[in-house]
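A quick note: this is a predicted structure, and the numbers were derived from the prediction, not measured. Protein chains get the first letters and strands the later ones, always in sequence-line order, with residue 1 at the start of each.
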Amino acid sequence: MRLRKDFFARSVHDVAPELVGATLLVDGVGGRIVEVEAYDHEDPAAHSYRGKTERNASMFGPPGRAYVYRSYGIHWCLNLVCEDASAVLIRALEPTHRLDVMASRRGIAEPRLLAAGPGRLAQALGITGEQDGLPLDRAPFEIYAREDVDVEVGRRVGITKAAERPWRYGEVGSKFLSRPIRPSY
DNA sequence: CCTGTGATCGTCT
DNA sequence: GACGATCACAGGT
(Lines give C-alpha, C1' and ligand atoms only; values in the text may rest on other atoms or scores of the structure.)
Protein backbone atom coordinates (compact mmCIF):
# COMPACT_ATOMS: atom_id res chain seq x y z
CA MET A 1 0.00 0.00 0.00
CA ARG A 2 1.38 3.36 -1.05
CA LEU A 3 1.91 5.81 1.81
CA ARG A 4 -0.06 9.06 1.60
CA LYS A 5 0.42 12.44 3.19
CA ASP A 6 -1.63 11.62 6.29
CA PHE A 7 0.88 8.89 7.16
CA PHE A 8 3.46 11.64 7.75
CA ALA A 9 1.09 14.09 9.47
CA ARG A 10 1.84 12.55 12.89
CA SER A 11 4.54 12.65 15.53
CA VAL A 12 7.95 11.83 14.09
CA HIS A 13 8.37 9.39 16.99
CA ASP A 14 5.43 7.33 15.71
CA VAL A 15 6.33 7.60 12.04
CA ALA A 16 10.07 6.80 12.25
CA PRO A 17 9.83 3.20 13.54
CA GLU A 18 7.05 2.47 11.02
CA LEU A 19 9.34 3.41 8.14
CA VAL A 20 11.73 0.54 8.91
CA GLY A 21 10.70 -2.16 6.43
CA ALA A 22 8.95 0.31 4.10
CA THR A 23 10.01 0.42 0.45
CA LEU A 24 11.40 3.69 -0.91
CA LEU A 25 11.87 4.22 -4.64
CA VAL A 26 13.05 7.30 -6.54
CA ASP A 27 12.34 7.01 -10.26
CA GLY A 28 11.97 3.27 -9.70
CA VAL A 29 15.35 2.89 -7.99
CA GLY A 30 15.72 1.91 -4.33
CA GLY A 31 14.78 -0.74 -1.80
CA ARG A 32 13.59 -1.58 1.71
CA ILE A 33 14.44 0.96 4.39
CA VAL A 34 16.45 -0.71 7.18
CA GLU A 35 17.65 2.28 9.25
CA VAL A 36 16.23 5.72 10.16
CA GLU A 37 16.60 8.43 12.81
CA ALA A 38 14.02 10.84 14.27
CA TYR A 39 14.66 14.57 14.77
CA ASP A 40 12.03 16.80 16.41
CA HIS A 41 12.00 20.57 16.80
CA GLU A 42 12.80 20.48 20.54
CA ASP A 43 15.85 18.36 19.82
CA PRO A 44 19.19 20.24 20.02
CA ALA A 45 20.56 17.97 17.27
CA ALA A 46 17.75 18.84 14.83
CA HIS A 47 18.23 21.39 12.08
CA SER A 48 14.87 22.94 13.03
CA TYR A 49 15.90 23.48 16.69
CA ARG A 50 16.91 27.13 16.25
CA GLY A 51 14.00 28.14 14.06
CA LYS A 52 13.31 28.50 10.39
CA THR A 53 16.11 29.47 7.98
CA GLU A 54 16.53 29.24 4.23
CA ARG A 55 18.23 25.84 4.48
CA ASN A 56 15.71 24.13 6.75
CA ALA A 57 12.55 25.74 5.32
CA SER A 58 11.21 22.36 4.15
CA MET A 59 11.13 21.08 7.74
CA PHE A 60 8.71 23.90 8.56
CA GLY A 61 6.47 23.18 5.58
CA PRO A 62 3.62 20.65 5.34
CA PRO A 63 4.30 17.02 6.34
CA GLY A 64 4.79 14.47 3.59
CA ARG A 65 7.55 16.26 1.72
CA ALA A 66 11.29 15.77 1.34
CA TYR A 67 13.90 17.75 3.24
CA VAL A 68 17.28 17.41 1.54
CA TYR A 69 20.40 19.08 2.89
CA ARG A 70 24.10 19.02 2.11
CA SER A 71 26.32 17.38 4.68
CA TYR A 72 29.97 18.30 5.24
CA GLY A 73 29.95 20.26 2.00
CA ILE A 74 30.06 16.99 0.06
CA HIS A 75 27.14 14.63 0.60
CA TRP A 76 23.36 14.95 0.31
CA CYS A 77 21.02 13.51 2.94
CA LEU A 78 17.30 12.72 2.58
CA ASN A 79 14.69 13.33 5.28
CA LEU A 80 10.92 12.79 5.25
CA VAL A 81 9.09 15.67 6.93
CA CYS A 82 6.52 14.93 9.68
CA GLU A 83 4.33 17.22 11.80
CA ASP A 84 5.69 20.08 13.90
CA ALA A 85 8.97 20.86 12.08
CA SER A 86 10.25 17.31 12.58
CA ALA A 87 11.73 14.81 10.12
CA VAL A 88 12.98 11.27 9.68
CA LEU A 89 16.54 10.90 8.35
CA ILE A 90 16.71 7.90 6.00
CA ARG A 91 20.04 6.31 6.87
CA ALA A 92 20.17 2.99 5.02
CA LEU A 93 18.23 0.66 2.77
CA GLU A 94 18.49 -2.84 1.41
CA PRO A 95 18.70 -2.50 -2.38
CA THR A 96 15.90 -4.34 -4.17
CA HIS A 97 15.11 -2.28 -7.31
CA ARG A 98 17.58 -1.42 -10.08
CA LEU A 99 20.82 -2.37 -8.37
CA ASP A 100 22.54 -1.71 -11.68
CA VAL A 101 21.61 1.98 -11.57
CA MET A 102 22.71 2.31 -7.94
CA ALA A 103 26.01 0.54 -8.63
CA SER A 104 26.70 2.85 -11.54
CA ARG A 105 25.98 6.00 -9.53
CA ARG A 106 28.06 4.78 -6.59
CA GLY A 107 30.92 3.48 -8.67
CA ILE A 108 30.93 0.16 -6.80
CA ALA A 109 29.24 -3.20 -7.24
CA GLU A 110 28.93 -4.54 -3.69
CA PRO A 111 25.23 -4.46 -2.71
CA ARG A 112 26.06 -4.12 0.98
CA LEU A 113 27.65 -0.70 0.46
CA LEU A 114 25.27 0.77 -2.12
CA ALA A 115 23.04 2.56 0.40
CA ALA A 116 24.48 1.90 3.89
CA GLY A 117 24.61 5.46 5.25
CA PRO A 118 22.65 8.64 4.46
CA GLY A 119 25.20 10.06 2.03
CA ARG A 120 25.61 6.78 0.17
CA LEU A 121 21.85 6.28 0.04
CA ALA A 122 21.25 9.73 -1.45
CA GLN A 123 23.92 9.14 -4.06
CA ALA A 124 22.52 5.72 -4.98
CA LEU A 125 19.00 7.14 -5.37
CA GLY A 126 20.10 10.23 -7.30
CA ILE A 127 18.94 12.61 -4.55
CA THR A 128 20.27 16.18 -4.64
CA GLY A 129 19.04 19.60 -3.52
CA GLU A 130 16.70 19.52 -6.51
CA GLN A 131 14.38 17.18 -4.60
CA ASP A 132 14.22 19.41 -1.51
CA GLY A 133 10.60 20.23 -0.74
CA LEU A 134 9.05 17.80 -3.21
CA PRO A 135 5.88 15.85 -2.16
CA LEU A 136 6.48 12.21 -1.29
CA ASP A 137 3.23 10.84 -2.73
CA ARG A 138 4.07 11.71 -6.32
CA ALA A 139 6.83 11.07 -8.86
CA PRO A 140 9.72 10.71 -8.60
CA PHE A 141 8.95 9.24 -5.15
CA GLU A 142 7.12 6.01 -4.35
CA ILE A 143 6.89 4.85 -0.73
CA TYR A 144 5.11 1.65 0.26
CA ALA A 145 4.00 0.54 3.73
CA ARG A 146 6.39 -1.71 5.62
CA GLU A 147 6.64 -5.41 5.61
CA ASP A 148 6.40 -6.96 9.04
CA VAL A 149 9.94 -6.66 10.42
CA ASP A 150 11.54 -6.65 13.87
CA VAL A 151 12.83 -3.20 14.82
CA GLU A 152 15.48 -2.35 17.38
CA VAL A 153 16.28 1.03 18.90
CA GLY A 154 19.54 2.74 19.83
CA ARG A 155 21.45 6.01 20.04
CA ARG A 156 21.84 8.20 16.98
CA VAL A 157 24.98 8.39 14.85
CA GLY A 158 27.37 11.24 14.13
CA ILE A 159 25.98 13.91 16.47
CA THR A 160 27.38 15.49 19.62
CA LYS A 161 24.23 17.14 21.03
CA ALA A 162 21.54 14.93 22.60
CA ALA A 163 23.41 11.88 21.31
CA GLU A 164 22.02 9.65 24.05
CA ARG A 165 18.39 9.87 22.92
CA PRO A 166 17.14 6.48 21.67
CA TRP A 167 15.82 7.75 18.36
CA ARG A 168 17.63 5.52 15.88
CA TYR A 169 15.64 2.58 14.53
CA GLY A 170 17.00 -0.39 12.60
CA GLU A 171 15.83 -3.73 11.26
CA VAL A 172 17.04 -6.53 13.53
CA GLY A 173 19.77 -8.57 11.89
CA SER A 174 20.01 -6.55 8.67
CA LYS A 175 23.32 -6.69 6.85
CA PHE A 176 22.63 -3.33 5.22
CA LEU A 177 22.87 -1.03 8.26
CA SER A 178 25.41 1.82 8.19
CA ARG A 179 26.69 0.56 11.56
CA PRO A 180 25.46 -1.83 14.25
CA ILE A 181 22.73 -0.45 16.53
CA ARG A 182 24.18 0.54 19.90
CA PRO A 183 22.08 0.88 23.05
CA SER A 184 21.51 4.45 24.26
CA TYR A 185 22.74 3.89 27.81
C1' DC B 1 38.32 -5.63 12.37
C1' DC B 2 39.30 -1.07 14.16
C1' DT B 3 41.12 3.70 14.49
C1' DG B 4 42.61 7.99 12.55
C1' DT B 5 42.53 11.55 9.06
C1' DG B 6 41.70 14.48 4.95
C1' DA B 7 38.27 16.23 1.78
C1' DT B 8 35.21 20.24 1.10
C1' DC B 9 31.85 24.15 1.59
C1' DG B 10 27.34 26.05 3.02
C1' DT B 11 25.41 27.75 7.18
C1' DC B 12 25.22 30.03 11.33
C1' DT B 13 27.84 32.47 15.15
C1' DG C 1 35.86 31.77 11.66
C1' DA C 2 34.19 27.22 13.33
C1' DC C 3 31.68 23.39 12.63
C1' DG C 4 28.98 19.74 11.00
C1' DA C 5 22.58 14.31 10.96
C1' DT C 6 29.54 11.85 6.22
C1' DC C 7 32.60 8.99 3.50
C1' DA C 8 36.73 6.73 1.62
C1' DC C 9 41.05 5.16 2.34
C1' DA C 10 45.34 4.13 4.78
C1' DG C 11 47.63 1.82 8.20
C1' DG C 12 48.03 -1.07 12.30
C1' DT C 13 46.04 -5.18 14.98
Side-chain angles (χ1 to χ4, degrees), chain A residues 8 11-13 15-17 19-20 22 24 26 31 33-61 63 65-95 102-133 136 151-171 173-184:
Chain A
F8 297 98
S11 164
V12 69
H13 301 295
V15 173
L19 283 171
V20 176
L24 166 65
V26 179
I33 295 170
V34 298
E35 179 185 341
V36 303
E37 286 177 356
Y39 290 86
D40 75 46
H41 79 289
E42 295 184 331
D43 169 9
H47 290 171
S48 55
Y49 181 62
R50 291 171 196 283
K52 186 177 178 180
T53 66
E54 189 172 348
R55 171 177 72 150
N56 66 22
S58 294
M59 281 190 79
F60 288 84
R65 297 186 182 232
Y67 166 49
V68 181
Y69 70 94
R70 208 206 257 287
S71 175
Y72 288 86
I74 307 171
H75 309 286
W76 296 102
C77 294
L78 171 66
N79 294 255
L80 311 185
V81 175
C82 298
E83 70 174 17
D84 242 353
S86 67
V88 181
L89 173 67
I90 309 300
R91 287 193 54 91
L93 61 75
E94 175 175 345
M102 289 188 266
S104 163
R105 287 174 176 156
R106 293 272 300 118
I108 62 167
E110 205 178 332
R112 205 197 85 73
L113 294 175
L114 288 180
R120 292 163 169 167
L121 183 150
Q123 185 183 25
L125 270 50
I127 294 289
T128 69
E130 292 187 15
Q131 282 78 39
D132 182 42
L136 299 171
V151 177
E152 82 188 299
V153 182
R155 63 188 317 170
R156 293 176 293 180
V157 173
I159 56 174
T160 55
K161 290 167 279 189
E164 76 292 342
R165 296 187 189 183
W167 290 348
R168 177 179 182 223
Y169 301 93
E171 180 181 341
S174 172
K175 292 170 267 185
F176 297 88
L177 299 176
S178 65
R179 316 184 36 168
I181 304 280
R182 302 223 180 275
S184 46

In terms of relative ring orientation, are A:Trp167 and A:His13 parallel, tilted or perpendicular, with 30° and 60° separating the classes?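 A:Trp167 and A:His13: tilted rings.
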
Kindly indicate whether the side chain of A:Phe176, heavy atoms from C-beta on, has any atom under 4.5 Å from the side chain of A:Pro95.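 Touching, per the 4.5 Å side-chain cut-off.
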
Quick check: does any side chain N or O of [X] sit under 3.5 Å from a backbone N or O of [Y], one acting as donor and the other as acceptor?
| X | Y | value |
| --- | --- | --- |
| A:Arg91 | A:Glu35 | no |
| A:Arg156 | A:Ala38 | yes |
| A:Asn56 | A:Thr53 | yes |
| A:Ser48 | A:Ala85 | yes |
| A:Asn79 | A:Ala87 | no |

Step by step, would you call A:Leu114 with A:Ile108 a side-chain contact (heavy atoms from CB on, under 4.5 Å)? CA-CA 7 Å; A:Leu114 288 180; A:Ile108 62 167; 4.0 Å; yes

May I ask you to decide whether A:Asp40 forms a salt bridge with A:Arg165, counting only side-chain N to carboxylate O separations under 4.0 Å?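 A salt bridge is absent here (no side-chain N lies under 4.0 Å from a carboxylate O).
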
With a cut-off of 6.0 Å (strictly less than), are more than 12 heavy atoms of other residues, nucleotides or ligands near CZ of A:Phe60?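 Yes, because the 6.0 Å sphere around CZ of A:Phe60 holds more than 12 heavy atoms from other groups.
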
For atom [atom1] of [X] and atom [atom2] of [N], their distance in whole Å:
| X | N | atom1 | atom2 | result |
| --- | --- | --- | --- | --- |
| A:His47 | B:dC12 | NE2 | P | 9 Å |
| A:Ile108 | C:dC7 | CD1 | C1' | 11 Å |
| A:Leu89 | C:dC7 | CG | C1' | 14 Å |
| A:Arg179 | C:dA5 | CZ | P | 15 Å |
| A:Met59 | C:dA5 | CE | C1' | 10 Å |
| A:Glu110 | C:dC7 | CD | P | 15 Å |
| A:Leu114 | C:dT6 | CG | P | 19 Å |
| A:Ile159 | C:dC3 | CD1 | P | 17 Å |

Runs of at least three Watson-Crick or G-U pairs with DNA chain C, cut-off 3.5 Å: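 Only these stems qualify: B:1-7 with C:6-12, B:9-12 with C:1-4.
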
Could you list all N or O pairs between the protein and nucleotides 8-13 of chain C that sit under 3.5 Å apart?
| unit_1 | atom_1 | unit_2 | atom_2 | d |
| --- | --- | --- | --- | --- |
| C:dA8 | OP1 | A:Arg106 | NH1 | 2.9 |
| C:dA8 | OP1 | A:Arg106 | NH2 | 3.0 |
| C:dA8 | OP2 | A:Arg120 | NE | 2.6 |
| C:dA8 | OP2 | A:Arg120 | NH2 | 2.6 |

Take nucleotides 1-7 of chain B nucleotide by nucleotide from the 5' end and write B, S or -, depending on whether a protein heavy atom sits under 4.0 Å from the base, only from the sugar-phosphate, or from neither. ------B

Nearest 0.5 Å, what's the CG-CG distance between A:Leu93 and A:Leu78?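 One finds 9.5 Å between CG of A:Leu93 and CG of A:Leu78.
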
Under 4.0 Å from any atom of DNA chain B, heavy atoms only: list the residues of residues 33-44 of chain A that qualify, in numerical order.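 Going residue by residue through residues 33-44 of chain A, none turns out to have a heavy atom under 4.0 Å of DNA chain B.
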
Contact residues, residues 49-58 of chain A to DNA chain B [heavy atom, < 4.0 Å]: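 A:Arg50, A:Thr53, A:Arg55, in order of number.
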
So which atom in A:Ala124 and which in A:Met102 form the shortest heavy-atom distance, rounded to 0.1 Å?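 Scanning both residues, the minimum pair turns out to be O-CG, 3.4 Å.
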
Just jot down the salt bridge (charged side-chain N to carboxylate O under 4.0 Å, His left out) partners of A:Glu94, sequence neighbours excluded, or say none.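 By the salt bridge (charged side-chain N to carboxylate O under 4.0 Å, His left out) rule, A:Glu94 matches A:Arg32.
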
Candidate pair A:Val36 and A:Leu80, rule side-chain contact (heavy atoms from CB on, under 4.5 Å), full reasoning: CA-CA 10 Å; A:Val36 303; A:Leu80 311 185; over 6 Å; no

So, is A:Arg70 near the phosphate of B:dT8, with a side-chain N or O under 4.0 Å from OP1 or OP2?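 False: A:Arg70 side-chain N/O out of range (4.0 Å or more) of B:dT8 OP1/OP2.
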
Can you list the steps and then say if A:His47 with A:Tyr67 is a side-chain contact (heavy atoms from CB on, under 4.5 Å)? CA-CA 10 Å; A:His47 290 171; A:Tyr67 166 49; 2.8 Å; yes

Side chains of A:Gln123 and A:Arg105: donor-acceptor distance under 3.5 Å anywhere?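 No - no donor-acceptor pair under 3.5 Å links their side chains.
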
